[in-house]
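Have a look at the structure below before the remarks.
In listed order, ligands and their atoms are each counted from 1.
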Amino acid sequence: MQSRDHFATRLGFVLAAAGSAVGLGNIWKFPYMTGQSGGGAFLLIYLGFVFTIGFSVMLAEFTIGRAGQRNPVGAFRALKDGPWSAVGGLGVLAGLVILSFYSVVGGWTIAYAVKAATGALAHSDPKSLGDTFGGFISEPWGVIGFHSLFMALTAGVIAGGVRGGIERASRILMPILAILVMILALRAVTLDGAEKGIAFFLTPDFSKVTWDTVNAALGQAFFSLSLGMGAMLTYASYLDKQVNLPRTAAQVTFLDTAFAIIAGFMILPAVFAFGFDPASGPGLTFITLPAVFAQMPLGQAFAFMFFALLAIAALTSAVSILEPVVAYLIDERRMPRRWAALLSGVMIWALGVPSALSLGPWKDMTVGGKGFLDAMDYLASNIMLPTGGVLIALFVGWSISARAQEEAQSDGSHPFPLIRVWIFICRFVAPAAVAWVLISGL
Ligand code: PHE
C-alpha cells in the first residue's frame, strides 16, 4: 500500500469537512425545499433529524474512516469480513448520482457570477428576473458548457490531490461567504413585506406536514451534512489518531446548520416581499436573490461576489463527493489518481447531461412525475443517502460497537460523555426512524 496523505492539522480537517457540508445544499436547496414543504414545520423536523441522526451518522462515518484508513469499500472490509463492504459500494454509486446533478447547478452558479459581472442581472423587476433564469436554463449550450466547466474544475482539483489548495482556499473564502450571506439576510429581512416570509419560515404549521415533508427533511439532513455515501468517511481516513472526533462532528454539524438557517433568512423574506411563489422549486434562489441585489447599493458587485463565492462553496463540496469514487478506484482498482479522476469525471459528466437539459429542452421528459434533475436528486437524497446512513449506523452500533467506541474516543484520550446515547441512536433510533420514513413513503 502506498502511504496515505494526511491532513496536517485539526483545523484543516474541520475546514475541509465543513467545506464539504456547506454548499449548494444549504444555500440553494434548503431555502427552496423549505418553500415547497410549508416553512416552519419543515425547519423543525429538519433540525430534529440533524441533531439526532445526522450528528450520530457523522460521528459513525468519522469513526469508520479513521479506523479503516481507506476508501469506503476498503474501510468496511478492513474492519469486518463479509458483505458490509457493499455499503461502501452503495456510497460510491450515490456519489456518481449526486455529483451528476450537483455539477449542473454548480455550473449555474458560475454562469450567474458571469451574468452579474456583465450587468445582465441588474434589473429589479421580478418578472424579468424569472425570464432571465428561464431563458438561461432553456438554452442547452450554455447550461452544458458551464456544467462541463464545473466538472472539469472538480476533477482537476482531485487529480492534483490538492487538498492543501482547497483547504487553504476554504480557510479564506468560507468566512467571506458567511459574512456576505449575513449581510444579504439582513437586507432581506428589512425589505418591505419581509414579515410574511419570516413568519412562514419560523411558524410551524403542522397541518401542512405530509410524509413527503418528513422524507424531504430526512433526505435534506443527510444531503446537507454530506452523510450516507462515505464522503465524511473518506475525509476521516486521512486523519490522525489524536483528533477529537465527537467534538469535530459537533462543530461541523453546527456550522452547516447555521449556514442553512441564515440562507433561509436571506431567501424566504425576499420571496414574500417580491411576491414570488415559495414553492417554485430549484430556480427560487436564482430568481429571488438578484431582486434583493437590485435593492442594494453596489448591488452588482455584491451579486458577483455572492455567486462567485457560492461557486467556490459548491466546488469544495463537489470535491468531497468525487474523492470517495476516486479513492475507491485508486485503492481497490489500482488506478493512478489522474486516470481515476479523468475516468470518473467523464462518466459523471455524461450522467449529468440529461439533468442539465431537464429544466429546458427536455422539460417534458419526466421520471416518476419529476424532471430528470429532480428525480436524480430524489433518488440520491431521499433513498440512497438515508439507506446508506442507516447501514453505517447499524455497522457501528452492532457489528463493530466496541472497536467503534474506542476509536470515537481516541482510545481513551478524548472521553465522550454521550457515548452510550450515540450507540443507542446508531442501534435503534436511526434505523427505526429511517425505516419508518422510507417504508411509509412507499
Ligand atoms: N453537503 C453538500 C451540500 O450541502 C453536498 C454533499 C452531499 C456533499 C453528499 C458530499 C456528500 O452542498
Side-chain angles (χ1 to χ4, degrees), residues 15-34 46 49-50 54-55 57-58 60-62 65 71-72 88 90-109 150 154 157-158 166 170 174 177-178 181 216-237 249 252-264 282 285 309-328 344 348 373 376-389 392:
L15 289 171
S20 166
V22 176
L24 297 171
N26 311 60
I27 289 167
W28 163 67
K29 231 182 128 181
F30 177 76
Y32 92 71
M33 292 194 73
T34 309
Y46 172 76
F49 282 134
V50 163
F55 167 80
V57 172
M58 187 179 297
E61 285 206 27
F62 282 176
N71 70 89
L90 176 75
V92 170
L93 277 181
L96 300 179
V97 175
I98 296 176
L99 192 50
S100 75
F101 73 84
Y102 203 88
S103 166
V104 171
V105 182
W108 298 354
T109 63
F150 189 87
T154 307
V157 170
I158 288 288
I166 277 285
S170 313
M174 296 306 276
L177 181 67
V181 171
L218 180 74
Q220 176 62 11
F222 279 97
F223 185 88
S224 189
L225 294 169
S226 304
L227 300 176
M229 58 151 285
M232 291 297 182
L233 186 159
T234 305
Y235 273 13
S237 78
V252 175
T253 304
F254 177 80
L255 269 174
D256 187 65
T257 308
F259 259 95
I261 291 179
I262 299 170
T285 301
L309 288 166
L310 182 56
I312 290 161
L315 188 64
T316 59
S317 299
V319 164
S320 79
I321 309 175
L322 189 55
E323 179 63 22
V325 181
V326 167
Y328 166 77
S344 52
I348 295 170
L373 189 151
M376 293 302 255
D377 186 3
Y378 185 88
L379 170 68
S381 308
N382 294 37
I383 300 171
M384 295 178 96
L385 295 184
T387 306
I392 288 166

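- Tyr102 counts as a contact of ligand 1, since one of its heavy atoms falls under 4.0 Å from the ligand.
- Protein heavy atom closest to atom 8 (C) of ligand 1, with residue, atom name and distance, is Ser226 OG, 3.2 Å.
- Here the straight-line distance linking atom CG of Asn26 with atom CG of Leu255 works out to 10.0 Å at 0.5 Å rounding.
- The shortest N or O to N or O distance between Leu225 and ligand 1 is not below 3.5 Å.
- Between the CG atom in Leu93 and the CD1 atom in Ile98 there is a gap of 11.0 Å [rounded to 0.5 Å].
- Nearest heavy atoms, Met229 versus Pro72: O-CG, 4.4 Å.
- Residue Ser320 touches ligand 1 through its side chain alone, judged by heavy-atom distances below 4.0 Å.
- The shortest contact between atom 2 (C) of ligand 1 and any protein heavy atom is with Ser20 O, 3.2 Å.
- Using modelled atom types and a 3.5 Å distance limit, the side chains of Lys29 and Thr285 yield no donor-acceptor pair.
- Rounding to the nearest 0.5 angstrom, the gap separating the CG atom in Leu310 from the CG atom in Leu315 is 11.0 Å.
- For ligand 1, one of its N or O atoms has an N or O atom of Leu24 under 3.5 Å away.
- Checked against a 3.5 angstrom limit, the closest N/O atoms of Ile321 and ligand 1 fall outside it.
- Atom CZ of Phe55 sits about 11.0 Å away from atom CG of Leu225, to the nearest 0.5 Å.
- Geometrically, ligand 1 and Asp256 share no nitrogen or oxygen pair separated by less than 3.5 Å.
- Residue Phe223 places at least one N or O, backbone or side chain, under 3.5 Å from an N or O of ligand 1.
- Under a 4.0 Å criterion applied to the non-hydrogen atoms of Ser224, ligand 1 contributes the atoms 1 (N), 4 (O).
- Remark: side-chain polar atoms of Gln220 are not paired, donor with acceptor, to backbone N or O of Tyr46 under 3.5 angstrom.
- For ligand 1, the atoms sitting less than 4.0 Å from at least one non-hydrogen atom of Ala21 are 1 (N), 2 (C), 3 (C), 4 (O), numbered in the order shown with element in parentheses.
- Between the side chains of Ser317 and Ser20, no donor-acceptor pair of N or O atoms lies under 3.5 Å.
- Proximity of Met229 to ligand 1, defined as any heavy-atom pair under 4.0 Å, is confined to the side chain (atoms from C-beta onward).
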